[in-house]
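Presented below is the structure to which this report refers.
Computed from a prediction, not measured in an experiment: that's the story for all the values here. Reckoned from all heavy atoms, side chains included, excluding hydrogens, waters and symmetry mates.
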Amino acid sequence: MSETSELLGRLAALPDDELVAVLRAAVAGRPGLGAVAAALAHVDFTDADTGKPVTLDTNVIDAEVAPVASGQVAGAIPVPPVPSGLPETGAPTATGGYSTSGVPTFDSVRDKVEQRFGTAQGMDELDRQTPAGRSADEQWEARENAARDRLDQIRKSMRGNDSGDS
C-alpha cells in the first residue's frame with residue numbers, strides 16, 4: 001500500500017473533531033493555505049464532557065509533519081518530498097514525448113517544430129507549382145519591376161533638377 005493511500009486511510013478513520021484539529025495543525029504557518037485555515041477557523045467542535053475546544057496534543061505531531069519556522073531571515077519551513085505513488089526505480093522515464101510529470105520533452109518539442117517547418121516549406125513549394133501560385137509570383141515580379149522603374153524615374157528627375165539649379 002502506498003504512503004499516500006495509507007495516510008488517507010488513517011485520516012478517514014479519524015473522528016471529525018480530530019480530523020479538523022489535524023488539518024488546522026497542517027495548514028498553520030502556510031500562507032498559500034490561508035483560505036483553508038480560515039475555513040477551518042469557522043469549524044467549532046467542543047468536547048461534550050468538558051466544554052473546552054478540542055486541541056491537538058503536541059506529542060502526537062513530530063517535527064517532520066508540522067515544522068515551525070524560526071522567523072529569522074534564512075528560517076524556512078522545509079518541504080517534505082511529495083510521494084509520487086510510483087515505484088522507486090531511479091530516474092523518471094519519458095513516455096510518448098512527455099516526462100512522468102506531464103511536461104513535453106525537448107526532443108518531442110524539437111520534432112514537432114521540425115515537422116511543422118517541413119510542412120510549411122512543402123506547402124509553399126506546392127503552392128508555387130499551381131496556376132494560382134505562378135500567377136501570384138508573376139504579379140509580384142511585375143510590381144517589383146514597376147517599382148524599380150518608378151524609382152529610376154524619380155532619381156532621373158532629381159538629377160535633372162539638381163543640374164538645372166546650379
Salt bridge (charged side-chain N to carboxylate O under 4.0 Å, His left out) assessment of Arg134 paired with Glu138: CA-CA 6 Å; Arg134 284 192 295 269; Glu138 290 167 1; 5.9 Å; no
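- Residue Leu11 is grouped with residue Leu33 when hydrophobic side chains (ILVMFWY) are merged at heavy-atom distances under 4.5 angstrom, including chains of intermediate members.
- Leu23 pairs with exactly one of Val20, Leu19, Val27 by the side chain to side chain contact (heavy atoms under 4.5 Å, CB included) rule, that one being Leu19.
- In the displayed structure, Gln115 atom CD is contacted under 6.0 Å by at most 12 heavy atoms of other residues, nucleotides or ligands.
- Contact annotation: the side chain of Asp111 never approaches that of Ser108 to less than 4.5 Å [non-hydrogen atoms, C-beta and beyond].
- Connection of Val36 to Leu8 is not established within any shared hydrophobic cluster, with ILVMFWY side chains joined at heavy-atom distances below 4.5 Å, either directly or through further cluster members.
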Stepwise salt bridge (charged side-chain N to carboxylate O under 4.0 Å, His left out) check, Asp124 with Arg128: CA-CA 6 Å; Asp124 187 43; Arg128 290 175 188 260; 3.4 Å; yes
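- Separation of atoms CZ (Arg148) and CZ (Arg143) is listed at 14.5 Å; rounding is to 0.5 Å.
- Separating the CG atom in Asp107 from the CD atom in Glu114 is a distance of 9.5 Å, to the nearest 0.5 Å.
- Contact annotation: the side chain of Leu14 approaches that of Val22 to within less than 4.5 Å [non-hydrogen atoms, C-beta and beyond].
- Of the inter-residue distances, the one linking Asp149 atom CG with Ile154 atom CD1 reads 11.5 Å to the nearest 0.5 angstrom.
- Judged by distance alone, with hydrogens and angles left aside, the side-chain atoms of Ser135 form no donor-acceptor pair with the main-chain N or O of Pro131 at under 3.5 Å.
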